[in-house]
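Working notes for the structure below.
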Protein chains: 2
Amino acid sequence: MTFAEENYLKTIFYLEQEATEGVSTSAIADYLDTRAASVSDMLQKLAKKELIEYKKYYGAILTHNGRNHAILVIRRHRLWETFLVEKLHFGWEEVHEVAEQLEHIKSEKLINAMDKMLGYPKIDPHGDPIPDANGNFTKIEKRLLADCEEKWTGTIVGVKDTSSDFLKILDRKQINLGTVFYILNKEKYDGSIRLKIEDESIALSQKMASNIYIKVISMQNSE
Amino acid sequence: MTFAEENYLKTIFYLEQEATEGVSTSAIADYLDTRAASVSDMLQKLAKKELIEYKKYYGAILTHNGRNHAILVIRRHRLWETFLVEKLHFGWEEVHEVAEQLEHIKSEKLINAMDKMLGYPKIDPHGDPIPDANGNFTKIEKRLLADCEEKWTGTIVGVKDTSSDFLKILDRKQINLGTVFYILNKEKYDGSIRLKIEDESIALSQKMASNIYIKVISMQNSE
DNA sequence: TTAAAATTTTAGACAAATCTAAATAAAATA
DNA sequence: TATTTTATTTAGATTTGTCTAAAATTTTAA
Ligand SMILES: [Mn+2]
Ligand SMILES: [Mn+2]
Ligand SMILES: [Mn+2]
Ligand SMILES: [Mn+2]
C-alpha cells in the first residue's frame, strides 16, 4: 500500500461520514487538493484492488478491507499526534503536518508499542477518537459551535480544521479542549458568535465557529 | 529530497569511508540491491543537484552539501533506533528495518526533540555514533574481531551487519555490546574463532567475526 | 600492445502518480 | 423535453525511479 493510496482511503473514510451516497470524485479532489482526473484514475485503481466499491459517475464507498485500512492509518495518525504532544511537548497546532508523514510508517509492533507507552489514549490532541488495535473507537458526542444558540453554556471538545493556521488563532484566543464558554451573542446577519470565557469576551466568525466542536452543558441562561 | 535520493546519499557516505577513490556504481548497486543502470541515472541526478561530484566511469564523492544531508539522515536513523530500544523496548535486532522508514521523516523539530528526550545519546544500539544537531560525531575506536589474535581480551563495541538475521544469532550466543571475551583459539585454516565469555566457550565463523567490532583490552594471556 | 572481460553508461520501456485538455455523461434549467 | 451547465472520465504528457538490452569505456590478461 503506497502513501498515495493510504491518503485516498483515509479521505474517503472522512467524506463517507458526511455523504449519504458514494463519495464524489470532486469531493475527494477538493479535500486532497488534486485534480478530478487524478482522483478518477486512483478510484479505478483502488476498485481493482477491492479497497473501494466504485461505479463510474456515482462515486466510491469503502469495502470492508478498505475501511479497515483507513482506520489503521487514522489510528497511526492520531497516536503519533498524541505522542508528539504528550512526550515531545509539541503544541496541538504543530502535530498534524508531521503526523501526515508518520501515519505511513508500516510496523504493527511500533504502533502498538506507542499505544502502550501512551497508556492507550482514547482521544487525540484535537479531540478525535483513536481507534484501538482492533479498529474500534467510540463516537464522540459533539456538535458544531456554529449550530448553537445564544445563552447556551458548553465546553470545547474538538476541532474540525486541524491546520496550524487555525489552531494558532484558537491559542491566541485561549480556546483549548476543555475550555468552558457561555454564548453571549449570535449575530443573525453573518453567523458570528461572541463567547464569554473566564470573564473575557471573545469574538468568532461563522467560519471559525463552524470548525469548532462543542458539547452542550446547558441551554439555559446561567448568568 | 526524496526517499531514494536520501538512501543514495547515505549509501555513498558509508562506502566513502572504505573506498580510497570515488565510490563506484557497482558498489552502490550492490549495497542498495539495484541495477548499475539505475545507479548511473541517479548519480547524474545527484550531480546536477550538486550533492555529489561525479565523473563518468570514475564514481562519486559527496559534496559538502551532500555529506551534510547524508549525516542528517544517519542522525535520524540512529536516533530512531535508540528510541525504539530505549523507550519502546525493541530488541537491537528489530530496529533497523523500521528505522529505514523513519529516517525519511522531515521535521527538524521532531528529531531534535527526540534527541533531547533520549538525553542526547552518543551511540546507537549497534554501537554506531549518533551525529549531533551540528552533524558532529566522534569516531569510535574499534577493530574487527576477525583481525584479532589468540589470547587477546576485548569487549564488543559494535556490529557491522545490523540485520535481524545476524543479530538474532548473536543474541542466542549471548553476545551484546559491552560483552567481554577472551580469544581461546583462532583457526588458521578457515579463520574461525573460539571465544570464552563468562566461562562459556563460543564458536564463531570467519564471516561472523568479520561483522563484529571490538575494542582490545589486553593482548596478553590473562588466563 | 592488442584482445577479451568486466564495468559503466545510454536507449528505450514501464509503473506510479500527477497534470491539462478534450470527450462524455449527468444534472439543472429553460 | 431540449438545451445548457456541471461533473466526471478518457487521452495524452510529465516526473521519478526502476528495469533490460545494447553500446561505450575501462581494466585485465594474453
Ligand atoms: Mn491530524
Ligand atoms: Mn488530530
Ligand atoms: Mn540501522
Ligand atoms: Mn544502528
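Letters A, B, ... mirror the listed sequences (proteins, then strands); counts begin at 1.
One atom, CG of A/Leu32, and another, P of C/dA16, lie 19 Å apart when rounded to the nearest Å. Note: CD (B/Gln44) to C1' (D/dT16) measures 15 Å, nearest angstrom. The CD1-P distance, from A/Ile28 to C/dT18, rounds to 12 Å in whole Å. For the pair B/Asp41 CG and C/dC14 C1', the computed distance is 13 Å after rounding to whole Å. Note: CG (A/Leu43) to P (D/dA7) measures 16 Å, nearest angstrom. To the nearest angstrom, P of C/dT8 lies 14 Å from NZ of B/Lys55. Separating the CE atom of A/Met42 from the P atom of C/dC19 is a distance of 11 Å, rounded to the nearest angstrom. Computed from coordinates, the B/Glu21 CD to C/dT8 P distance equals 12 Å when rounded to whole Å.
Counting only heavy atoms from C-beta outward, the side chains of B/Leu51 and B/Ile12 never approach each other to under 4.5 Å. Between A/Glu149 and A/Ile183 the shortest side-chain heavy-atom distance does not fall below 4.5 Å. Residues B/Lys173 and B/Leu204 have side chains in contact (heavy-atom distance under 4.5 Å, counting atoms from C-beta outward). Between A/Arg76 and A/Leu72, the closest side-chain pair of non-hydrogen atoms falls below 4.5 Å.
Residue contacts for B/Phe3: at a heavy-atom cut-off of 4.0 Å it reaches no nucleic acid atom on any strand shown. Among the protein residues, A/Ala4 comes within range of the sugar-phosphate backbone only, with heavy atoms under 4.0 Å from sugar or phosphate atoms but none that close to a base.
At D/dT18, none of the side-chain N or O atoms of B/Arg35 fall inside 4.0 Å of OP1 or OP2 (strictly under the cut-off). Here B/Tyr8 does not reach the OP1 or OP2 of D/dT16: none of its side-chain N or O atoms lies under 4.0 Å away. Between A/Thr25 and D/dT9, a side-chain N or O to OP1/OP2 separation shorter than 4.0 Å is present. Remark: A/Lys56 is not in phosphate contact with D/dA7, judged by side-chain N or O atoms under 4.0 Å from OP1 or OP2. An OP1 or OP2 oxygen of C/dT7 is reached within less than 4.0 angstrom by no side-chain nitrogen or oxygen of B/Ser26. The side chain of B/Ser38 places no N or O atom within less than 4.0 Å of a non-bridging phosphate oxygen (OP1 or OP2) of D/dT18. Between C/dT9 and B/Tyr57, no contact under 4.0 Å exists linking OP1 or OP2 to a side-chain N or O. In this structure, A/Tyr58 reaches the C/dA26 phosphate: one of its side-chain N or O atoms is under 4.0 Å from OP1 or OP2.
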With a 3.5 Å cut-off and sequence neighbours excluded, list the donor-acceptor pairs that the side chains of residues 104-119 of chain A form with protein atoms.
unit_1, atom_1, unit_2, atom_2, d
A/His104, ND1, A/Glu6, OE1, 2.6
A/His104, NE2, A/Asn7, OD1, 3.1
A/His104, NE2, A/Glu100, O, 3.4
A/Lys106, NZ, A/Met1, O, 3.3
A/Lys106, NZ, A/Glu6, OE1, 3.4
A/Lys106, NZ, A/Glu6, OE2, 3.4
A/Lys106, NZ, A/His104, O, 3.1
A/Ser107, OG, A/Leu110, N, 3.0
A/Lys109, NZ, B/Glu94, OE1, 3.2
A/Lys109, NZ, B/Glu94, OE2, 2.9
A/Asn112, OD1, A/Arg75, NH2, 2.6
A/Asn112, ND2, A/Glu108, O, 3.4
A/Asp115, OD2, A/Arg75, NH1, 2.9
A/Asp115, OD2, A/Arg75, NH2, 3.1

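The nearest heavy atom of DNA chain C to A/Asp33 and to B/Ala36 marks one nucleotide each, and the one closer to the 5' end goes with B/Ala36.
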